[in-house]
Amino acid sequence: MPEEDLVEVKFRLYDGSDIGPFRVAPATTVANLKERIIADWPKDNKVTPKVANDVKIISAGKVLENSRTAGQCRMTFGELQKGVITMHAVVQPTVAKTKTEKKIDESERKSICSCSIL
(Lines give C-alpha, C1' and ligand atoms only; values in the text may rest on other atoms or scores of the structure.)
Protein backbone atom coordinates (compact mmCIF):
# COMPACT_ATOMS: atom_id res chain seq x y z
CA MET A 1 0.00 0.00 0.00
CA PRO A 2 1.43 3.40 -0.93
CA GLU A 3 2.51 5.55 1.98
CA GLU A 4 0.23 8.42 0.93
CA ASP A 5 -2.91 6.25 1.25
CA LEU A 6 -2.38 5.68 4.99
CA VAL A 7 -4.52 7.62 7.47
CA GLU A 8 -2.75 9.27 10.41
CA VAL A 9 -4.76 9.23 13.66
CA LYS A 10 -4.12 10.16 17.28
CA PHE A 11 -6.30 9.83 20.34
CA ARG A 12 -6.78 12.49 23.01
CA LEU A 13 -7.50 11.17 26.51
CA TYR A 14 -9.56 12.82 29.26
CA ASP A 15 -6.47 14.23 30.97
CA GLY A 16 -5.20 15.96 27.80
CA SER A 17 -2.49 13.42 26.99
CA ASP A 18 -2.32 11.77 23.58
CA ILE A 19 -1.87 8.24 22.27
CA GLY A 20 -0.27 8.22 18.86
CA PRO A 21 -0.14 9.41 16.13
CA PHE A 22 -0.38 6.15 14.19
CA ARG A 23 -0.44 5.55 10.46
CA VAL A 24 -3.13 3.00 9.65
CA ALA A 25 -4.73 1.65 6.50
CA PRO A 26 -8.03 3.32 5.53
CA ALA A 27 -9.77 -0.08 5.88
CA THR A 28 -8.78 -0.37 9.57
CA THR A 29 -11.96 -0.67 11.67
CA VAL A 30 -12.75 1.26 14.83
CA ALA A 31 -12.69 -2.07 16.72
CA ASN A 32 -9.04 -2.53 15.65
CA LEU A 33 -8.25 1.04 16.71
CA LYS A 34 -9.74 0.34 20.15
CA GLU A 35 -7.43 -2.68 20.53
CA ARG A 36 -4.49 -0.45 19.64
CA ILE A 37 -5.61 2.11 22.24
CA ILE A 38 -5.83 -0.58 24.93
CA ALA A 39 -2.30 -1.75 24.11
CA ASP A 40 -0.84 1.78 24.29
CA TRP A 41 -2.94 3.15 27.19
CA PRO A 42 -0.73 4.86 29.84
CA LYS A 43 -0.30 2.51 32.79
CA ASP A 44 -0.13 5.31 35.39
CA ASN A 45 -3.69 6.62 34.76
CA LYS A 46 -6.36 6.04 37.41
CA VAL A 47 -8.98 5.17 34.79
CA THR A 48 -7.85 2.25 32.64
CA PRO A 49 -10.02 0.27 30.22
CA LYS A 50 -9.98 -3.49 30.65
CA VAL A 51 -11.56 -4.52 27.32
CA ALA A 52 -12.12 -2.80 23.98
CA ASN A 53 -15.84 -2.30 24.69
CA ASP A 54 -14.90 -0.04 27.63
CA VAL A 55 -13.42 2.47 25.15
CA LYS A 56 -15.59 4.88 23.19
CA ILE A 57 -14.01 6.79 20.30
CA ILE A 58 -15.49 10.18 19.48
CA SER A 59 -14.79 11.92 16.18
CA ALA A 60 -16.49 15.15 15.03
CA GLY A 61 -18.87 14.95 18.00
CA LYS A 62 -20.13 11.44 17.27
CA VAL A 63 -19.41 8.13 18.98
CA LEU A 64 -18.02 5.82 16.31
CA GLU A 65 -19.42 2.35 15.71
CA ASN A 66 -17.01 -0.61 15.72
CA SER A 67 -17.76 -1.38 12.07
CA ARG A 68 -16.73 2.07 10.82
CA THR A 69 -13.32 2.43 9.12
CA ALA A 70 -10.53 4.97 9.57
CA GLY A 71 -11.00 6.08 5.97
CA GLN A 72 -14.62 7.01 6.71
CA CYS A 73 -13.48 9.20 9.61
CA ARG A 74 -11.25 11.33 7.38
CA MET A 75 -12.79 14.76 6.83
CA THR A 76 -11.74 17.25 4.23
CA PHE A 77 -11.15 20.84 5.27
CA GLY A 78 -10.66 22.68 2.00
CA GLU A 79 -7.14 21.95 0.83
CA LEU A 80 -6.14 20.13 4.03
CA GLN A 81 -7.17 16.58 3.15
CA LYS A 82 -4.00 15.09 4.56
CA GLY A 83 -3.21 15.51 8.22
CA VAL A 84 -3.58 13.92 11.61
CA ILE A 85 -7.12 13.04 12.61
CA THR A 86 -7.56 13.70 16.33
CA MET A 87 -10.22 11.60 18.02
CA HIS A 88 -11.21 11.50 21.67
CA ALA A 89 -10.93 8.22 23.54
CA VAL A 90 -13.04 7.93 26.69
CA VAL A 91 -13.53 5.06 29.09
CA GLN A 92 -17.09 4.02 29.76
CA PRO A 93 -17.66 1.02 32.03
CA THR A 94 -19.70 -1.85 30.70
CA VAL A 95 -23.48 -1.77 31.13
CA ALA A 96 -23.61 -4.84 33.36
CA LYS A 97 -21.29 -3.20 35.86
CA THR A 98 -23.38 -0.03 36.13
CA LYS A 99 -26.63 -1.99 36.54
CA THR A 100 -25.24 -3.92 39.53
CA GLU A 101 -24.04 -0.68 41.10
CA LYS A 102 -27.54 0.79 40.76
CA LYS A 103 -29.06 -2.25 42.46
CA ILE A 104 -26.73 -1.78 45.43
CA ASP A 105 -27.64 1.90 45.65
CA GLU A 106 -31.39 1.16 45.56
CA SER A 107 -31.13 -1.43 48.34
CA GLU A 108 -29.32 1.10 50.53
CA ARG A 109 -32.09 3.65 49.98
CA LYS A 110 -34.80 1.22 51.02
CA SER A 111 -33.23 0.60 54.41
CA ILE A 112 -32.92 4.28 55.29
CA CYS A 113 -35.47 5.56 57.76
CA SER A 114 -36.76 9.07 57.32
CA CYS A 115 -38.87 10.66 59.99
CA SER A 116 -40.48 14.09 60.19
CA ILE A 117 -41.29 15.70 63.50
CA LEU A 118 -43.94 18.38 63.31
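We use all heavy atoms of the structure for the numbers below, so side chains are in, but hydrogens, waters and symmetry mates are not.
Considering CG of D54 and CD of Q92, their distance stands at 8.5 Å, rounded to 0.5 Å. Atom-to-atom distance recorded for E35:CD and T29:OG1 is 9.0 Å, nearest 0.5 angstrom.
The nearest pair of heavy atoms linking I38 to V51 is CD1-O, 3.5 Å. Contact detail for A70 and A25: the closest heavy-atom pair is CB-O, 4.0 Å. In plain terms, the two heavy atoms of V47 and W41 that are nearest each other are O-NE1, 3.1 Å.
Within a 6.0 Å radius of NZ in K43, other residues, nucleotides and ligands contribute more than 12 heavy atoms.
Residues Y14 and V90 have side chains not in contact (no heavy-atom distance under 4.5 Å, counting atoms from C-beta outward). Counting heavy atoms from C-beta on, the side chains of T48 and V91 never come closer than 4.5 Å. Within the 4.5 Å cutoff, the side chain of P49 has no heavy atoms near those of the I37 side chain.
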Tabulate below the donor-acceptor pairs under 3.5 Å that side-chain atoms of residues 60-68 make, not counting sequence neighbours, or state none.
from: N66; atom 1: OD1; to: K34; atom 2: NZ; distance (Å): 2.8
from: R68; atom 1: NH2; to: Q72; atom 2: O; distance (Å): 3.3

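Partners of K10 by salt bridge (Lys or Arg N to Asp or Glu O under 4.0 Å), not counting sequence neighbours, listed by chain and number: D18. Every residue two or more places apart in sequence or in another chain that forms a salt bridge (Lys or Arg N to Asp or Glu O under 4.0 Å) with D40 is listed here: R36.
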